[in-house]
Amino acid sequence: MVKKLDFLRVSQVGSSVHHFKAGDRVGVGSYVNSCRDCDSCKQNLEIYCSKGSVYTSNGVDFDGSITNGGYSSFIVVHERYCFRIPDEYPLDLAAPLLCPGITVYSPMLRHEMNQPGKSLGVIGIGGVGHLAVKFGKAFGLNVTVFSTSISKKEEALSLLGPDKFVLSSDEQQMKEMTDSLHFIIDIEIMTMTIINMYIYHSTAGNKFVVGSDDVSVKITHCGICYADIFYTRNKFGNSHYPTVPG
């Protein structure tokens, strides 16, 4: 049950492939294989495979071969780890959804951060934060972005479309945000001193840390104790959630 991929189009399919055919446009995320038999794999959480998921680039597959991802002329991938990309959808827009997109989309659904009218704060507006804002707005949330740099304000508001921009180094702006958020997605845990002091006073709020495995949460103010903290470990999502339209 494998298929051969060539420049994001399927060139060949194995005899047991049922969901794709030659010529289909597909996307492959950050991993291309797993044991498909452990508890994590059975829950569509292959990135946590007990035998180790195989990364798309610089990974060691179960047959000992080294994966080269986008540097390959073609790759062989089990159909479970591929996503159909509609013909009309631009590939340059689909590509980010397969890594930073699923990294934030998966925990947002898992923790029910898709409730219209609720408020979301996004700390850090790089690749993952950018898509957190986009998904938040698509879910009907009131989205506030936090950044340490005022130079990002105009671009963030005009291109990402949040409802509000807050300069996290401005103590007065941060005070005004006290008790205002239902959810927080934190991409930049290392810049959190002032943010800890104010935002996390919300008694029913939830804070989600997404991104690298090498993240430690340093609590700098007891106000954070009133919020639930979830460290998702969700680097690349899972195969259960499709990450492109259609």
Side-chain angles (χ1 to χ4, degrees), residues 89-109 111-202 205-212 215 217 220-221 223-224 227 229-232 234-237 241 243-245:
Y89 199 75
L91 294 179
D92 61 330
L93 299 182
L97 300 180
L98 295 168
C99 189
I102 191 61
T103 297
V104 71
Y105 179 82
S106 178
M108 288 182 78
L109 286 195
H111 298 291
E112 300 182 347
M113 301 172 69
N114 57 348
Q115 304 172 52
K118 292 275 180 104
S119 57
L120 167 69
V122 178
I123 302 168
I125 48 177
V128 177
H130 169 176
L131 287 161
V133 174
K134 291 292 190 179
F135 286 131
K137 294 302 298 179
F139 290 147
L141 302 176
N142 186 293
V143 180
T144 299
V145 297
F146 297 84
S147 177
T148 58
S149 176
I150 191 64
S151 64
K152 295 182 180 179
K153 180 176 181 178
E154 182 177 350
E155 183 177 14
L157 292 174
S158 62
L159 296 182
L160 305 187
D163 298 281
K164 188 172 184 179
F165 178 96
V166 172
L167 185 65
S168 58
S169 58
D170 187 317
E171 190 167 346
Q172 183 56 43
Q173 289 187 41
M174 296 302 294
K175 284 182 179 179
E176 294 171 0
M177 293 301 299
T178 301
D179 293 331
S180 65
L181 301 173
H182 296 99
F183 307 109
I184 298 171
I185 292 180
D186 178 5
I187 316 299
E188 297 185 356
I189 190 65
M190 299 306 292
T191 62
M192 297 302 298
T193 301
I194 295 179
I195 293 175
N196 285 347
M197 290 175 63
Y198 297 112
I199 296 182
Y200 296 149
H201 277 285
S202 180
N206 294 318
K207 172 178 181 272
F208 302 85
V209 180
V210 299
S212 171
V215 173
V217 179
T220 59
H221 191 275
I224 198 172
I229 304 173
F230 299 87
Y231 172 38
T232 72
N234 199 86
K235 293 193 295 181
F236 304 122
Y241 297 120
T243 61
V244 293

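The first residue in the sequence is number 1, and the count goes up from there. Fair warning: this is a prediction, and the values are worked out from it, not measured in the lab.
Taking every heavy atom of both residues into account, L160 and V133 meet most closely at O-CG1, 3.6 Å. In plain terms, the two heavy atoms of Q173 and L167 that are nearest each other are OE1-N, 2.9 Å. Across all non-hydrogen atoms, the minimal contact from S180 to S119 is O-OG, 2.9 Å.
A donor-acceptor contact shorter than 3.5 Å is absent between the side chain of S106 and the backbone of I102. Under a 3.5 Å cut-off, the side chain of S168 and the backbone N or O of F146 do not form any donor-acceptor pair. In terms of modelled atom types and a separation under 3.5 Å, the side chain of D163 and the main chain of V143 share a donor-acceptor contact.
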Practice item. Begin with the C-alpha distance, continue with both residues' side-chain angles, and end with the deciding distance and a verdict on side-chain contact (heavy atoms from CB on, under 4.5 Å) for F139 and L109. Key: CA-CA 10 Å; F139 290 147; L109 286 195; 3.8 Å; yes
Practice item. Could you walk me through whether L97 and Y89 pass the side-chain contact (heavy atoms from CB on, under 4.5 Å) test, one step at a time? Key: CA-CA 12 Å; L97 300 180; Y89 199 75; 3.9 Å; yes
Exercise for review: Report the C-alpha separation of N114 and F135 in whole Å, then their side-chain angles, then the decisive distance to 0.1 Å, and conclude whether the side-chain contact (heavy atoms from CB on, under 4.5 Å) test is met.
Suggested key: CA-CA 9 Å; N114 57 348; F135 286 131; over 6 Å; no
Point to revise | Derivation of the side-chain hydrogen bond (donor to acceptor under 3.5 Å, both in side chains) call for S149 and S147 | key: CA-CA 5 Å; S149 176; S147 177; 5.1 Å; no
Exercise for review: Assess whether side-chain contact (heavy atoms from CB on, under 4.5 Å) is satisfied between M174 and V166, documenting all intermediate values.
Suggested key: CA-CA 7 Å; M174 296 302 294; V166 172; 3.6 Å; yes
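Counting non-hydrogen atoms of other residues, nucleotides and ligands closer than 6.0 Å to CD of E112 gives a total of 12 or fewer. More than 12 heavy atoms of other residues, nucleotides or ligands sit less than 6.0 Å from atom CD of Q115. Residue Q172 qualifies as enclosed at atom CD: its count of foreign heavy atoms under 6.0 Å is above 12.
Put simply, the side chain of M108 reaches to within 4.5 Å of the side chain of I185, judged on heavy atoms.
Taken from CE in M113 to NZ in K118, the straight-line distance is 10.5 Å, to the nearest 0.5 Å. Rounded to the nearest 0.5 Å, atoms CD (E155) and CD1 (I125) are 7.5 Å apart.
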